[in-house]
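Everything on this sheet refers to the single structure shown next.
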Amino acid sequence: MADTQTTSQVTSDGKAYWKANIRLIFISLIIWALVSFGFGILLRPALSGISVGGTDLGFWFAQQGSILVFLVLIFFYAWRMNKLDRQFGVDEE
Amino acid sequence: MDQTTINIIFVGASFALYIGIAIWARAGSTSDFYAAGRGVHPVTNGMATAADWMSAASFISMAGLIAFTGYDNSTYLMGWTGGYVLLALLLAPYLRKFGKFTVSEFIGDRFYSPTARLVAVICLIVASVTYVIGQMTGVGVAFGRFLEVDNTTGLLIGAVVVFAYAVFGGMKGVTYTQVAQYCVLIMAYTIPAIFISLQLTGNPVPALGLFGEHQASGQPLLERLDQIVTELGFNEYTAHNGDTFNMLLFTLSLMIGTAGLPHVIMRFFTVPRVADARWSAGWALVFIALLYLTAPAVGAMARLNITELFWPEGTDAQAVTVEQIETDPAYDWMATWQQTGLLGWEDKNGDGRIQYYNDSDPDMQARAEEDGWDGNELTNFNNDILVLANPEIANLPGWVIGLVAAGGLAAALSTAAGLLLAISSAVSHDLIKGRFAPNISEKGELLSARIAMAVSIVVATWLGLNPPGFAAQTVALAFGLAAASIFPALMMGIFSTKINNRGAVAGMLAGLIVTLVYIFLHKGWFFIPGTNSFTDADPLLGTIKSTSFGAVGALVNFVTAYIVASMTKPVPEDIKELVESVRVPRGASAAQDH
């Protein structure tokens with residue numbers, strides 16, 4: 001009896017952990033797409049009013065801004081996930 | 001001391017350093033050979049990954065492609081960095097948890113099928129060999145210039161050096177050597193950029209100088225560049241001139257291709273823990289970003305410098321004279337590069353001047369007629385020479401030029417070595433040991449690994465003699481192949497418990513074949529020139545160029561896998577448990593061999 005309970009508790013915890021991870025990935029990838037495909041390419045005309053050093057914001061995002069955001073995203077994800085691992089007790093001992 | 005001697009000293013010294021490190025950290029066992037005993041710190045690993053990753057395509061080729069196209073080639077910048085986000089979020093930690101040596105082992109186990117493993121190996125080999133062809137193009141340019149011989153001779157000498165270098169050690173030798181290579185290549189890339197940025201904008205940070213003020217004219221640098229290139233009939237530098245849909249697809253192909261390339265993924269098997277795999281991807285991108293944030297500045301500033309060299313008195317005045325090109329030391333670089341066959345000019349109208357302009361632009365044709373010009377007289381400027389020629393164009397000191405030669409070779413060599421290692425482990429570990437001769441001795445496995453390296457370098461060199469494009473474009477094709485075949489299989493293997501053995505095999509084959517055929521239709525069958533039925537200027541499907549097709553191939557892969565899996569036997573319970581266990585870090589151990 002005790003055994004079944006532990007197993008089901010572990011499974012539901014595991015599911016919650018995975019769900020939290022998927023949610024985090026999903027949010028991160030929206031930002032990832034927004035700064036590159038969005039600001040860098042598709043939304044560039046909409047941002048053309050904001051000028052940056054001889055050109056516009058979209059150009060900056062395409063050549064530098066997106067890279068900086070990618071960096072922040074990866075470190076944020078690593079930090080958040082390592083915290084999540086400990087929260088759910090699934091980190092490496 | 002003349003320039004050739006300085007180059008030899010710099011290149012010789014850097015090689016002595018790499019070989020010294022390789023001998024010091026020589027691979028002892030097969031485990032060392034593939035994964036460096038898993039004792040590599042995330043920062044060290046990040047630096048080595050960066051060196052491994054930034055190849056001749058990034059170092060030698062990319063800034064040149066940006067310089068001559070402008071904004072539209074920002075795709076390379078976003079694509080080759082954005083892939084790390086996918087790698088860090090979708091693949092690296094799970095593959096590290098799985099704890100095997102190679103990508104194809106994961107695919108073989110997850111899809112419980114030796115056939116899936118075999119197909120994965122074939123996909124890896126096809127993508128990696130294409131990648132090595134691109135590297136060999138860059139190696140040819142670098143050796144050609146550095147030894148002052150023509151491109152073909154440079155390529156053949158380079159091939160011998162790459163081979164000798166790659167057989168020296170395995171991953172451990174390579175990991176520490178690559179840290180040294182990273183240091184050499186990043187200095188070689190940024191130092192000349194800093195000089196040039198100071199000359200043009202007074203800002204010592206090239207990435208900021210790009211958006212700074214051009215001191216000579218008092219205008220913003222990019223505005224100045226837009227002005228002078230449009231005055232010569234070229235496309236505005238910062239404007240979007242190409243097709244938007246193709247640009248999106250190309251960026252996406254590079255991104256998912258990055259996350260599907262075996263030699264990069266292998267790096268994440270060598271960190272001690274799952275948590276470190278997440279950090280490692282971040283550190284790799286930090287070191288990569290140092291170059292990638294500088295590259296657009298290098299491109300824009302070089303384009304400005306080159307244009308001004310040909311129009312020293314402004315674009316509305318007279319062009320540079322042939323006499324000045326032959327006698328003025330500021331133009332010495334043109335004679336040295338002419339020897340490689342990658343730069344050419346011709347005084348077509350015999351007026352003693354070299355007019356550099358866009359001769360297909362109607363306004364310029366009118367001006368040409370008026371002034372008696374007879375077409376663009378800068379007849380050949382190979383984009384791949386731009387970065388290596390850049391310090392000479394900007395008239396920088398001799399030691400900077402020597403450093404750039406060493407850096408270009410470091411970039412090409414480190415990646416070529418990493419790729420050859422990935423190919424050789426795929427052949428010896430997955431193909432021979434995993435399928436045909438499971439009882440092979442460690443010695444036999446190492447020998448077959450080295451034979452595989454030799455064969456792939458010969459094939460790549462032969463195809464590199466007539467490359468399907470500039471170094472970065474050929475490399476982009478390799479990314480398309482990886483994007484269409486490996487990435488979807490890995491992603492479905494981790495994020496879906498529904499995709500079964502048949503689905504994965506069918507998906508990988510469909511993605512690989514459709515992409516390969518599309519590339520061959522545009523670039524020639526097996527890249528043999530003249531056998532293509534279409535060109536990238538007028539592609540088969542709408543505006544989709546062969547370099548952008550990887551994203552379409554990936555979609556074909558996903559859809560095929562899903563359809564086939566839903567029509568065949570479901571995934572067994574033990575494999576579902578395997579997937580569940582890969583998703584949590586707890587219980588990660590050192591990798592096990594078969």
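The chains referred to below are lettered A, B, ... by the order of the sequence lines, with proteins before strands, and numbering in each begins at 1. Bear in mind the structure is a predicted one, so any value in this text is a computation, not a measurement.
Taking every heavy atom of both residues into account, A/Leu71 and B/Ala289 meet most closely at CD1-CB, 4.0 Å. In plain terms, the two heavy atoms of A/Ile74 and B/Ala88 that are nearest each other are CG2-CB, 3.7 Å.
B/Trp279 places no side-chain N or O within donor-acceptor distance of the main-chain N or O of A/Ala78, the cut-off being under 3.5 Å.
Contact check for B/Phe211 versus A/Thr55: side-chain heavy atoms found under the 4.5 Å cut-off. For the pair B/Tyr71 and A/Ile41, the minimum side-chain heavy-atom distance is below 4.5 Å. By the 4.5 Å heavy-atom criterion applied to side chains, B/Leu86 and A/Leu29 are counted as neighbours. Contact annotation: the side chain of B/Leu210 approaches that of A/Gln63 to within less than 4.5 Å [non-hydrogen atoms, C-beta and beyond]. Contact of the B/Pro585 side chain with the A/Asp91 side chain is not registered, since no non-hydrogen atoms from C-beta on lie closer than 4.5 Å.
Only the side chain of B/Ile66 comes within less than 4.5 Å of a heavy atom in chain A; its backbone stays farther off. Both the backbone and the side chain of A/Phe75 have a heavy atom closer than 4.5 Å to some heavy atom of chain B. Within the 4.5 angstrom heavy-atom criterion, no atom of A/Leu24 approaches chain B. Only the side chain of A/Ser66 has a heavy atom closer than 4.5 Å to any heavy atom of chain B. Within the 4.5 angstrom heavy-atom criterion, no atom of A/Asp56 approaches chain B. For B/Ala295, no part sits under 4.5 Å from any heavy atom of chain A, backbone or side chain. At a 4.5 Å heavy-atom cutoff, the contact between B/Leu90 and chain A is made by side-chain atoms alone.
Comparing B/Thr238, B/Val274, B/Asn73, B/Leu208 by heavy-atom pairs within less than 4.5 Å of chain A, the highest count is held by B/Thr238. Of the listed residues (B/Thr244, B/Ile288, B/Val286), the greatest number of heavy-atom pairs within a distance under 4.5 Å of chain A belongs to B/Val286. Heavy-atom pairs under 4.5 Å with chain A were tallied for B/Trp283, B/Tyr76, B/Tyr292; the largest tally goes to B/Trp283.
Applying the salt bridge (charged side-chain N to carboxylate O under 4.0 Å, His left out) test to residues at least two apart or on different chains, none of the pairs has a partner in residues 59-72 of chain A.
Summarising the geometry, atom CZ belonging to A/Phe70 is positioned 4.0 Å from atom CE belonging to B/Met255; distances are rounded to the nearest 0.5 Å. One finds the CE atom of B/Met78 at 11.5 Å from the CZ atom of A/Phe61 (value rounded to the nearest 0.5 Å). In this structure, CZ in A/Phe37 is found 9.0 Å from CG in B/Leu249, a value given to the nearest 0.5 Å. With values rounded to the nearest 0.5 angstrom, B/His240 atom NE2 is found 8.5 Å from A/Arg44 atom CZ. A distance of 9.0 Å separates OG in A/Ser36 from CG in B/Leu252, rounded to the nearest 0.5 Å.
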Show the numbers, then the answer: is there a side-chain contact (heavy atoms from CB on, under 4.5 Å) between B/Leu293 and A/Leu68? CA-CA 9 Å; B/Leu293 292 173; A/Leu68 295 171; 3.8 Å; yes
### Query
Between B/Phe495 and A/Ile25, does a side-chain contact (heavy atoms from CB on, under 4.5 Å) hold up when you go through it step by step?
CA-CA 12 Å; B/Phe495 288 87; A/Ile25 290 176; 3.9 Å; yes
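Annotation: residues 217-230 of chain B contacts chain A through B/Pro220, B/Leu222, B/Glu223 [non-hydrogen atoms, separation under 4.5 Å].
Under a 4.0 Å N-O distance rule, the pair A/Asp85/B/Arg273 does not qualify as a salt bridge.
Counting non-hydrogen atoms of other residues, nucleotides and ligands closer than 6.0 Å to NZ of B/Lys576 gives a total above 12.
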